[in-house]
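Order of the sequence lines sets the chain letters (A, B, ...), proteins ahead of strands, with each chain counted from 1. Everything quoted here is computed from the prediction, not taken from an experiment.
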Protein chains: 2
Amino acid sequence: MRLVIAKCAVDYEGRLTAHLPLATRLLLVKADGSVLVHSDGGSYKPLNWMSPPCAMAEVSPEDHEVADGVTTVWLVQHAKSEDRLRVLIHEVLHDSSHELGVDPGLVKDGVEAHLQKLLAEHIHTLGDGWSLVRREYMTAIGPVDILCRDAAGGSVAVEIKRRGDIDGVEQLTRYLELMNRDPHLSPVTGVFAAQEIKPQARTLATDRGIRCVTLDYDALKGIDNSEHRLF
Amino acid sequence: MRLVIAKCAVDYEGRLTAHLPLATRLLLVKADGSVLVHSDGGSYKPLNWMSPPCAMAEVSPEDHEVADGVTTVWLVQHAKSEDRLRVLIHEVLHDSSHELGVDPGLVKDGVEAHLQKLLAEHIHTLGDGWSLVRREYMTAIGPVDILCRDAAGGSVAVEIKRRGDIDGVEQLTRYLELMNRDPHLSPVTGVFAAQEIKPQARTLATDRGIRCVTLDYDALKGIDNSEHRLF
DNA sequence: CTATTGATCTCGCAA
DNA sequence: TTGCGAGGTCAATAG
C-alpha cells in the first residue's frame with residue numbers, strides 16, 4: 001500500500017465524466033493497483049477512485065500541463081472497461097509504502113441473511129405446526145425469502161426485511177399474485193416479517209390480507225442458543 | 001488527516017456487530033474525527049469505519065487486552081447514536097499527520113438528470129413526429145420524467161432510469177393509472193427508457209403494454225454535438 | 001426536519 | 001459468469 005499526500009487535480013472518464021479541481025488530497029494505491037482519492041472530510045466514500053482490476057502508470061505531463069505546474073501524471077486504466085482516471089500531480093508532500101499482507105476479513109452478525117436463517121430454523125415461531133418448505137424459493141420474478149406450510153397444510157410465502165417498508169409489501173404482493181396462479185401452490189397466503197414495520201407498510205399489508213410479524217432478533221438468537229445447548 | 005499503519009483488531013457495535021481479527025491495516029483519521037480502516041485490497045469501501053459526527057479517544061487497554069499484546073485502544077463513539085468502534089492497536093508501523101484544507105468538491109456529468117435533459121431535447125429519437133410537452137410533468141403522486149405526444153397526438157409518459165429495474169416499471173405504472181383517470185390526458189401510453197433494462201423489468205413492462213427503449217448516452221451526446229455544430 | 005431516490009453504488013449469494 | 005437483492009448502504013434533493 002502506497003500513501004501519497006499531494007496537491008493534485010483529477011479527471012475521471014467512464015460511466016460518467018467527473019473532475020476534481022486542484023487541491024491537496026490523499027492518494028491511496030492498494031496492492032491490487034486500485035486507487036482512492038480522499039479529502040479530509042466527507043464519508044468513507046472517496047472523492048474519486050478506480051476499482052480493481054486496473055493498472056497504474058506514471059506518465060509525462062503534456063506541455064500545456066507542465067505550463068500549469070503539473071510535475072507527474074498518474075494514468076489509471078481499468079482492465080475490463082474504458083474507465084480511466086488521470087491524476088495530475090503538482091506537488092508531492094508525502095510518499096510512503098507499506099507491506100500489509102492479506103486481510104483475514106470481516107465477521108458480521110445481525111443482517112437480513114441471518115434473520116432469514118434463524119427464522120427458517122425456527123419457523124414454528126410463526127405458528128404451531130408450521131413447517132419449512134425451503135428458503136429462497138425461486139419464482140419467475142425472483143426468490144421468495146421463505147416458503148412454508150401452516151398447520152392446515154396451506155402454503156405461506158414469507159418476506160423478511162430488517163426494516164419493513166412499503167416496497168417490501170409490494171414485492172410480497174407480486175410474489176403472491178404469481179404464486180396464486182399456480183394450481184399446485186394456490187391458495188398461498190403471505191406473512192411480512194421485519195424487525196420494525198412502518199405504519200404505512202402495516203396498513204397496506206393488512207389491507208391486502210397479509211399478516212405482519214415483528215421479529216425479535218435477540219429472542220430468535222436466544223432460542224437458537226438454548227437449542228444448541230441441548231447437544 | 002492522520003495516517004497510521006498498525007497491527008490491530010477492530011470491533012464495531014451498532015446497527016450490527018462486526019469483528020476484524022488481528023492484522024496490519026491502514027487507519028485513516030479525518031479532520032472531522034471520522035475513522036476508516038482499510039486493508040490492502042477490496043474496493044473503496046473500508047473494512048470498518050465510523051462516520052461523522054463522532055469523537056475519537058485513546059484509552060488504556062484492559063488487563064486481559066494488555067496480556068494479548070494490545071498497547072493502545074482507540075474508542076470512536078458516534079455523536080448521535082450508540083454506534084461505536086474499538087480499535088485494539090498492537091503495534092504502530094507508521095504515524096503521520098497532514099494539513100489538507102477544504103476540498104472544492106467533485107463536478108459530475110452523465111447521470112440520470114443529463115439523460116433526461118438530452119432525451120427531452122431529442123424526443124424524436126423515440127419516434128418520428130413526436131413532440132415534447134414538458135419535463136418533470138407534475139402529478140398528484142410525483143413528477144413524470146417526460147410527458148410528450150406521439151405522431152398521432154396521443155399522450156406518452158416517459159420514465160427514465162440509468163438502469164431499468166422493476167421498481168421503475170412499478171413507478172411508471174402508478175403514473176399511467178393516475179393519468180389515465182384524467183379525461184384531458186387519457187389515453188396515455190408509457191415508455192420505459194434506460195441505458196440498460198433488466199430482463200425481469202422488460203418482461204413486466206411488456207406485459208403491461210409499456211414500450212421499452214434502450215438509451216445510448218454517447219449517441220444522444222453525439223446528436224447534441226452535431227446539432228451544435230450547425231450554429 | 002423527514003422522506004424519497006440515485007449511485008462510477010459495493011458486496012455477497014445463487015442459478 | 002451473470003443476475004438479483006441487501007446495505008452500518010451514502011448522499012442529494014424535495015417537501
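Nearest to the side-chain atoms of B:Arg15 among the listed nucleotides D:dG5, D:dC10, C:dC9 stands D:dC10. Here the nucleotide nearest the side chain of A:Lys161, chosen from C:dT8, D:dA6, D:dG5, is D:dA6.
Residue-to-nucleotide proximity on DNA chain D shows that, of A:Tyr175 and B:Tyr12, the 5′-proximal contact is made by A:Tyr175. Across the interface with DNA chain C, nearest-nucleotide mapping of A:Asn48 and B:Gln171 shows B:Gln171 to be the residue nearer the 5′ end. Closest-nucleotide positions on DNA chain D for A:Leu106 and B:Ala201 were compared, and the one nearer the 5' end corresponds to B:Ala201.
Distance check on atom P: C:dT4 versus C:dT8 gives 22 Å, rounded to whole Å.
In this structure, CG of B:Leu36 is placed 13 Å from C1' of D:dC10, rounded to the nearest angstrom. Rounded to whole angstrom, the span from the CG atom of A:Asp165 across to the P atom of D:dA6 amounts to 11 Å. Between B:Asp145 atom CG and D:dA14 atom P the separation is 13 Å, expressed in whole Å. Across the protein-nucleic acid pair, B:Leu172 atom CG and C:dT5 atom C1' stand 16 Å apart, rounded to whole Å. One atom, CZ of B:Arg174, and another, C1' of C:dT5, lie 12 Å apart when rounded to the nearest Å. The distance between atom CZ of A:Arg163 and atom P of C:dT5, rounded to the nearest whole Å, is 15 Å. C:dT5 atom C1' lies 15 Å from atom CD1 of A:Ile166, rounded to whole Å. Remark: P of D:dG7 and CG of A:Leu115 are 9 Å apart, rounded to the nearest angstrom.
Between A:Trp74 and A:Val29, the closest side-chain pair of non-hydrogen atoms falls below 4.5 Å. Two residues are said to be in side-chain contact when any heavy atoms from C-beta on lie closer than 4.5 Å; B:Leu20 and A:Asp103 meet this criterion.
For A:Arg86, the salt bridge (charged side-chain N to carboxylate O under 4.0 Å, His left out) test picks out A:Glu65, with sequence neighbours left out. Contacts of B:Asp182 classified as side chain to side chain donor-acceptor pair (under 3.5 Å), with partners at least two apart in sequence or in another chain: none. Every residue meeting the side-chain contact (heavy atoms from CB on, under 4.5 Å) condition with A:Arg163, not counting sequence neighbours, appears here in chain and number order: A:Glu196. Qualifying side-chain contact (heavy atoms from CB on, under 4.5 Å) partners for B:Gln77, counting only residues two or more places apart in sequence or in other chains: B:Arg84. Judged as a salt bridge (charged side-chain N to carboxylate O under 4.0 Å, His left out), and not counting sequence neighbours, the contacts of B:Arg208 are B:Glu170.
Side-chain nitrogen and oxygen atoms of A:Lys80 include at least one within less than 4.0 Å of the OP1 or OP2 phosphate oxygen of D:dT1. Proximity of A:Ser51 to the phosphate of C:dT8: no side-chain N or O atom is located under 4.0 Å from OP1 or OP2. Checking the phosphate oxygens (OP1, OP2) of D:dT9, a side-chain nitrogen or oxygen of A:Arg162 falls inside 4.0 Å. Put simply, B:Trp49 has no side-chain N or O that comes within less than 4.0 Å of OP1 or OP2 on D:dT9.
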Listing time: all N or O pairs from protein to nucleotides 11-15 of chain C that are below 3.5 Å?
from	atom 1	to	atom 2	distance (Å)
C:dC11	OP1	B:Ser43	OG	2.8
C:dC11	OP2	B:Ser43	OG	2.7

